[in-house]
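Reckoned from all heavy atoms, side chains included, excluding hydrogens, waters and symmetry mates. Note that the structure is a prediction, hence the values are computed from the model and not measured.
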Amino acid sequence: MRYLALILIMVSASKAIAQQACFAPLRPDAGYLADQGYEAQEIRGAYRGYFSEVEDYLNCLNHSSARIRQEATTAAQDYDRVLDQFPVQPGQGGEPLPVPRVKMSETGTLFLDFQAEWLK
């Protein structure tokens with residue numbers, strides 16, 4: 001009975017992961033399909049199916065991007081509250097002074113290191 005429960009948990013977890021993952025479609029190869037004996041109508045159908053999958057894939061990426069952008073914004077706000085609630089005192093090891101704040105720009109770019117070389 002425990003094994004059945006474990007299997008059900010694993011199946012439901014894999015479905016949840018699959019729903020959040022975006023898989024790029026494979027582009028059809030007309031030459032290969034023709035060599036394999038596919039008819040013109042089937043080759044055209046393969047391309048139409050591919051374009052439909054591309055649209056689904058891009059929509060998935062947009063949804064995932066919006067979701068992670070919101071999560072990162074919330075995390076940045078949480079981090080700022082943590083820094084306010086638990087400030088770093090001079091002499092505390094491990095933390096640079098001043099402690100870097102995390103800011104999100106409107107473009108969705110997350111700057112984790114305000115002293116990054118490429119920002120200078």
Side-chain angles (χ1 to χ4, degrees):
M1 187 65 165
R2 287 188 342 201
Y3 294 114
L4 178 61
L6 182 60
I7 290 172
L8 290 175
I9 289 170
M10 290 172 56
V11 168
S12 64
S14 66
K15 285 182 182 178
I17 291 170
Q19 288 175 348
Q20 290 185 358
C22 302
F23 299 103
L26 298 175
R27 183 178 57 88
D29 183 339
Y32 175 79
L33 294 173
D35 288 346
Q36 294 301 311
Y38 285 83
E39 295 180 12
Q41 182 178 359
E42 293 172 312
I43 295 172
R44 288 190 299 268
Y47 275 92
R48 284 192 297 271
Y50 169 73
F51 294 132
S52 176
E53 291 173 5
V54 166
E55 184 177 11
D56 292 343
Y57 174 66
L58 293 175
N59 287 332
C60 179
L61 289 177
N62 287 335
H63 177 73
S64 294
S65 176
R67 179 184 50 79
I68 195 67
R69 190 176 299 112
Q70 179 60 43
E71 288 177 12
T73 299
T74 301
Q77 293 165 352
D78 290 346
Y79 178 65
D80 281 343
R81 282 191 290 277
V82 166
L83 291 178
D84 292 339
Q85 187 176 0
F86 305 104
V88 175
Q89 302 300 323
Q92 272 184 306
E95 290 281 354
L97 288 177
V99 176
R101 297 279 177 162
V102 177
K103 300 295 178 197
M104 292 286 294
S105 69
E106 290 299 315
T107 64
T109 305
L110 177 64
F111 296 104
L112 294 177
D113 184 1
F114 71 95
Q115 294 176 338
E117 200 59 37
W118 62 273
L119 285 174
K120 295 178 181 176

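Evaluation of the side-chain contact (heavy atoms from CB on, under 4.5 Å) rule for Glu71 yields Arg67, Ile68 as partners, not counting sequence neighbours. When the side-chain hydrogen bond (donor to acceptor under 3.5 Å, both in side chains) test is applied to Gln70, the partners found at least two apart in sequence or on another chain are Thr74.
Counted by atom type alone, Arg69 and Thr73 present zero donor-acceptor pairs between their side chains at under 3.5 Å.
With salt bridges taken as basic N to acidic carboxylate O contacts below 4.0 Å, one links Arg81 and Asp78.
The hydrophobic cluster containing Tyr47 also includes Tyr32, Leu33, Tyr38, Ile43, Tyr50, Phe51, Val54, Tyr57, Leu58, Leu61, under a criterion of side-chain heavy atoms closer than 4.5 Å among ILVMFWY residues, counted directly or through chains of members.
For the residue pair Ala21 and Cys60, the shortest heavy atom distance occurs at O-SG, 3.8 Å. When every heavy atom of Arg48 is checked against every heavy atom of Gln41, the shortest pair comes out as NH2-O, 4.3 Å.
For the atom pair CZ of Arg44 and CD of Glu39, the computed distance is 10.0 Å after rounding to the nearest 0.5 Å.
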